[in-house]
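Both counts, for ligands and for their atoms, begin at 1 and track the order of listing. Basis for what follows: all heavy atoms, side chains included, without hydrogens, waters or symmetry-related copies.
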Amino acid sequence: MSSAHYQALEPQTSDEDNEDIEQRRPKQQQHHHYHLRNHSGSTTTACSLATPVMARKGRRRCLLPLVGGVLFFIAFCYLTLSVDTRLALGLGGGSDDSDDEGSHNDLDRNNFRPLNETVHICSESYEDRRQFMQDKPNSEYGQLPVIYFVTPTYPRREQIPELTRLAHTLLHVPRLHWLVADDQQKCNDFIDTLLNRFGIPFTHMVSPMPAKFRFADPAPRGVANRRAALRWLRQHNLTNGVLYFGDDDNTYDLRLFSEIRKTQRVSMFPVGLIADYAISGPVVRKGKVVAFLDSWVAGRRWPVDMAGFAVSLEYMAQYPNVNMPYKPGYEEDLFLRSINVRMDEIEPRGNNCTEVLVWHTQTKSKKLGVVRLESKYLDDRSNLGALLRNLELMGVATITESESRTAQISKNGKAKPHSVILS
Ligand code: UDP
Ligand code: MN
């Protein structure tokens, strides 16, 4: 097991971004420099008095403008920082249609403090033990670029079922390395065993969300883990292959993988079941991406879902500062800005973005199951001990002797005392 600590990286800002944002910024914000100069001029006059009495009075008089000046300066700095820089720092803003943005402000204020991010590699395997995929022997796929499929995941009772279902999709995909980044402190051995069983090359790591974001609403879901995967890619100096962010609960059409594998820079495609339109994706004219269809714009230059794009690692390697910010709602936009891609370079996929090859399905989340059963019945006289202990390991249910109502065990349509069945 290895571990690493690292500092947060900020997304790069291109001049083009700034120009664009300068145009978008409301007029009153563009003239603060002038006001500030006027203000500091009058402060200097009030503070240069000669006698002690005058000085005392003057001090009071000079204190007020001084405090005002400082406050004004802070406001000035805030308003004149480029919107990209503010977003990267987590200060918010950058939108013409700011209706949904106000809710991010509490989180934003916290984002100044240094981040304490950790990554541990739990286990990994570079061996592809699958023999056949899509009716062909594995060896026939040897020349294809590798897809690095990054899956952020977190402990809840649906975690193992989601990963199992996703694994069964990925089993059909040749030349894929699955980066499973778990949002928790400790490695879950059950996940190691699970991943090993499939024979798909994988890296299992844990990278918990920094504590200060945990109670934020909204929280930056899956960001610490995706950042950990980005760091893993960087550390391995990978300049060949394709990066794709595939959440654990989405639904992937197998054709998606052949579409993204040919990515030169950045490819994009529609994602079904996103927000009000139940779709988010590029608008394509004459084979080129010209705009986006998505019901939540909020100043995003790239109003796309995490599952709606793939990036060539060769292209990404040119941008060592690539990263994803802890900024709920803006992760995709700022990640894509950090690799400086231009709209006319985007490669539309899925038959010019007419097909849906990935769906933003969501699994209903419920509290852990509770099974009340005396521990004396958890031995090998029945299957229940092993079964329930497995469920505990999977984070699905807990066994209790005292909480909740006694578990019902029935026969012929009638609940029976545990002693009757299990003694
Ligand atoms: N996720 C995570 N930590 C969290 C919440 C979510 O790592 O605290 C992962 C989750 O497993 C998924 C991705 O981040 O792969 C996006 O989360 P979710 O599917 O809950 O978000 P939504 O689909 O609502 O955007
Ligand atoms: Mn999801």
Please could you name the atoms of ligand 1 that Asp248 approaches to less than 4.0 Å, counting only its heavy atoms?
10 (C), 11 (O), 12 (C), 15 (O)
Need the ligand 1 atom indices (1-based, order shown) with element for anything under 4.0 Å from a heavy-atom of Asp249.
19 (O), 23 (O)
So, applying salt bridge (Lys or Arg N to Asp or Glu O under 4.0 Å) with Glu117, which one of Arg227, Lys212, Arg231 is it?
Arg227
At under 4.0 Å between heavy atoms, which part of [X] makes contact with ligand 1: side chain, backbone, both or neither?
X	result
Asp247	both
Asp183	side chain
Gln362	side chain

So which protein heavy atom does [atom] come closest to, and at what separation?
atom	result
atom 21 (O) of ligand 1	Arg221 NE, 3.7 Å
atom 1 (N) of ligand 1	Tyr154 CD2, 3.3 Å
atom 15 (O) of ligand 1	Pro152 O, 2.6 Å
atom 7 (O) of ligand 1	Asn225 ND2, 2.8 Å

Verify whether the ring centers belonging to Phe245 and Phe335 lie closer than 6.0 Å.
yes
For Phe257 and His172, I'd like to know if the aromatic rings sit close, meaning centre-to-centre distance below 6.0 Å.
no
I'd like the name of whichever of His360, Met209, Glu331, Gln159 reaches closest to atom 25 (O) of ligand 1 through any heavy atom.
His360
Minimum distance, heavy atoms only, to atom 2 (C) of ligand 1: which one of Gly329, Gly222, Ala307, Ala219 is it?
Gly222
Please verify the inter-ring angle class for [X] with [Y]; under 30° counts as parallel, over 60° as perpendicular, anything in between as tilted.
X	Y	answer
Phe149	Tyr252	perpendicular
His236	Tyr126	tilted
His177	Trp232	parallel
Phe213	Tyr326	parallel

Could you walk me through whether Asp344 and Val290 pass the side chain to side chain contact (heavy atoms under 4.5 Å, CB included) test, one step at a time?
CA-CA 7 Å; Asp344 61 352; Val290 295; over 6 Å; no
The Mn ion (ligand 2) to Asp249: any N/O/S contact under 2.8 Å?
yes
